Chemist: 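One structure, pasted below without further comment.
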Protein chains: 2
Amino acid sequence: MDIEDGSAKLIDVARLANCSPATVSRVLNGNPNVNEIVRDRVVRAARELGYVPNGSARALRSTRTRLVGAIIPTLDHAIYATMVDALQARLSEKDVSLIINTSGYDIDLEYEQARLLVERGVESVVLVGSTHLPATLAMLEQKRIDYVYTYTSKAMESGAAVGFDNEKAGRTAARYLLDLGHAQFGMIAGITQDNDRAAGRRDGFLNELERSGIDRATVPVVEGAYRLDDGRRCMERLMEEGTRPTAVFCGSDILAAGAIKCCHAAGIAVPRQVSIVGFDNLEIAELTSPELTTLEVPARDMGRIAADYVLASPSQRLHLRQRELAIRLIVRESTAPVRR
Amino acid sequence: MDIEDGSAKLIDVARLANCSPATVSRVLNGNPNVNEIVRDRVVRAARELGYVPNGSARALRSTRTRLVGAIIPTLDHAIYATMVDALQARLSEKDVSLIINTSGYDIDLEYEQARLLVERGVESVVLVGSTHLPATLAMLEQKRIDYVYTYTSKAMESGAAVGFDNEKAGRTAARYLLDLGHAQFGMIAGITQDNDRAAGRRDGFLNELERSGIDRATVPVVEGAYRLDDGRRCMERLMEEGTRPTAVFCGSDILAAGAIKCCHAAGIAVPRQVSIVGFDNLEIAELTSPELTTLEVPARDMGRIAADYVLASPSQRLHLRQRELAIRLIVRESTAPVRR
DNA sequence: TTGTATGCGTTATCAA
DNA sequence: TTGATAACGCATACAA
């Protein structure tokens, strides 16, 4: 293997293989109409030169970048990191690269990140949730860039969605706690501002309670960022209520873990005095004491299926535009029937 | 704003602004030698057309892609996801995009991912650890692509490193436990095959014990993947030893959390019967009962500093080639002096 | 089955 | 300060 000063180009491979650039290009792109012997010479020459195609030139000429973008709130939360892990793994099986950007739950920043992705020529964009600036979607549509919502199952006019129904998930939590006999509820939600998923779970929870005759105005809802100490603080506030809730639904396992810590510190028994339901089914759900009852979010599945969507041909995509995944209730130790 | 069928190109902006493409290019690239009035016309025209530059063409012509690659073992472990989060945040401040690939701790797969990154034209690559195929590094060097090791402070002949000394970290854990009076040790290490960091921590731990007169052959070391259940299983094996260890160092907080779960199940009191030290200081270290004594890995700092390195000019980089960050011991509740 | 010629959209070089 | 022109590396249409 020669040590090249710069880098071998396609034409250098052609020269060494004693054929034309077009033939090299054909071999590189798997075009079957190439003589076996010539193909072999080309492959050998490319290897000898350590030839690596120039993706920019390729993209410019073919208008196919084999680049996909993803904009997620943060990688610092396992629920997103795991989705991205699965997404990337699937894409790279097909030699598609993933550019990943974080928005910090800020839809204005998300717009800026989207612009950068458009400039990079991504062929599709994976987004989280369905709350986005109209300008963001308009830009993607103008550039004919497909996008997929994740963590939600609401597909809009354009775009696709692979995820779950947050409202339904909230209702599931409420129904489970109602069935345990609880009558005093509280909720620790994520920040619902510009966050349709957090808002959906809250609304579903309150809707289901209301269907059972509980006035939603009597259910205290506090919001916190997805951090342990916010969960703790929120639980403290809930426990200051005149009539303490006996059942608390948390919008995330992190918040729930914080809530449990609060109870430990305050000497409140879980689940004897208060039942706590989390959301996500992160690894930490097995680490709290008591272990956490929670709703399982299929993060890995979403990543894989979103990848399959963007890898699909435009005609196949029509059938894949909306995919609702099931949310499972995982019952562990943090919930119990209400005490009489 | 017009609704474009395809997408406006630089020449369209030039036409609308009534100037040459060259001038538009100058404005877009912040070249100061442009008349104020013309500049304004160009900016206005670009906005009106919803113009977004074609990154591929730009890259092809200028040989600057503003793309950085990262290859990490997995995003499914907070210690890496957090580093990448910080890395990406810093890069995007400078309009540099990050392509992220996972290798699953497989250095052959890492090579394939590196090849893909080279093809995409990344200007730098962020790697984890210092164990890589020679072919991987050779390829990067041949293509004049800078690379940075993270999670290690060992810089090689070429390349840079921002991280910490794993061997020293292992010794720190040993020293702490020795000072608590322990004499029977065990270790639950990560898989050390092709993993210099896991091996380094193990070696440091054993080295320090040996310096205190403990024969390393008498210290049981079991290896597990970074998963809760592996931690549990490894701890079970350690507890089957003839003379049970009174102090166990785990190569990761995940393993340590699993070990604590094992102790709960087996009725072994932590830290009264066995002290456990973790590694990473993940959020979960505060969720175990007892809370975990551990060594803090500066994941966020590594990401930020690695970003600063790849963003630096070649001349600046010389001063930044090696950066060792401190590892702090965080004492919580899972360790105690040995019982007499 | 192979080769020749052209152009993708941009920036760099040069001249004006 | 501005414009004309060429070239980046490759894939494709077309010719042979």
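Reminder, nothing fancy here: chain letters follow the sequence lines and each chain counts from 1. Remember, it's a predicted structure, so these values are computed and weren't measured experimentally.
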Chemist: With ring centroids as reference points, do A:His132 and A:Tyr147 lie under 6.0 angstrom apart?
Modeler: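 Here the rings of A:Tyr147 and A:His132 have centres that are no less than 6.0 Å from each other.
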
Chemist: Are B:Arg317 and B:Tyr309 in a cation-pi setup, meaning NZ or CZ lies under 6.0 angstrom from the ring centre and within 45 degrees of the ring axis?
Modeler: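 B:Arg317 over B:Tyr309 ring: yes.
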
Chemist: Between P on C:dT1 and CD on A:Glu36, what's the gap in Å once rounded to a whole number?
Modeler: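 After rounding, the gap between these two atoms is 10 Å.
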
Chemist: Rounded to the Å, how far apart are A:Arg41 CZ and C:dT1 P?
Modeler: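 Distance, rounded to whole Å: 15 Å.
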
Chemist: Sort me out a list of protein N/O and nucleotides 8-11 of chain C N/O pairs below 3.5 Å, or just none if empty.
Modeler:
{"residue": "C:dG9", "atom": "OP2", "partner": "B:Lys9", "partner atom": "NZ", "Å": "3.2"}
{"residue": "C:dT10", "atom": "OP1", "partner": "B:Tyr51", "partner atom": "OH", "Å": "2.5"}
{"residue": "C:dT10", "atom": "OP1", "partner": "B:Asn54", "partner atom": "N", "Å": "3.2"}
{"residue": "C:dT10", "atom": "OP2", "partner": "B:Leu10", "partner atom": "N", "Å": "2.6"}
{"residue": "C:dT11", "atom": "OP1", "partner": "B:Asn29", "partner atom": "ND2", "Å": "3.2"}
{"residue": "C:dT11", "atom": "OP1", "partner": "B:Arg58", "partner atom": "NE", "Å": "2.8"}
{"residue": "C:dT11", "atom": "OP2", "partner": "B:Ser25", "partner atom": "OG", "Å": "2.7"}
{"residue": "C:dT11", "atom": "O2", "partner": "B:Arg61", "partner atom": "NE", "Å": "3.4"}
{"residue": "C:dT11", "atom": "O2", "partner": "B:Arg61", "partner atom": "NH1", "Å": "2.6"}

Chemist: So, is B:Ser20 near the phosphate of D:dT2, with a side-chain N or O under 4.0 Å from OP1 or OP2?
Modeler: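 For D:dT2, OP1/OP2 do not have a side-chain N/O of B:Ser20 under 4.0 Å.
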
Chemist: Using a cut-off of 6.0 Å, state whether more than 12 heavy atoms not belonging to B:Ile37 lie near its atom CD1.
Modeler: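 12 or below, so no.
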
Chemist: So which of B:Leu28, B:Thr63, B:Thr65 actually passes side-chain contact (heavy atoms from CB on, under 4.5 Å) with B:Arg58?
Modeler: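 Result for side-chain contact (heavy atoms from CB on, under 4.5 Å) with B:Arg58: B:Leu28.
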
Chemist: Can you establish whether the number of heavy atoms outside A:Gln322 located under 6.0 Å from its atom CD is more than 12?
Modeler: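 Yes - once you tally the heavy atoms of other residues, nucleotides and ligands closer than 6.0 Å, there are more than 12.
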
Chemist: Which value, rounded to the nearest 0.5 Å, describes the distance between B:Arg66 atom CZ and B:Arg64 atom CZ?
Modeler: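 If I round to the nearest 0.5 Å, the distance is 5.5 Å.
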
Chemist: Between D:dT2 and B:Thr23, is there an OP1 or OP2 to side-chain N/O distance shorter than 4.0 Å?
Modeler: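 No, B:Thr23 has no side-chain N/O under 4.0 Å of OP1/OP2 on D:dT2.
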
Chemist: Whole angstrom is fine here: how far is it from CD in B:Glu119 over to C1' in D:dA11?
Modeler: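 Computing the B:Glu119:CD to D:dA11:C1' distance gives 14 Å.
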
Chemist: Over how many whole Å does the gap from B:Asn31 atom CG to C:dT13 atom P extend?
Modeler: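 Taking CG of B:Asn31 and P of C:dT13, I get 12 Å after rounding.
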
Chemist: OP1 or OP2 of D:dT1 versus the side-chain N and O atoms of B:Asn33: is any pair under 4.0 Å?
Modeler: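 Checking D:dT1 against B:Asn33, a side-chain N or O does come within under 4.0 Å of OP1 or OP2.
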
Chemist: For A:Asn35 and C:dG3, what is the distance between atoms CG and P respectively, to the nearest whole Å?
Modeler: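 Checked: the CG to P distance equals 10 Å.
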
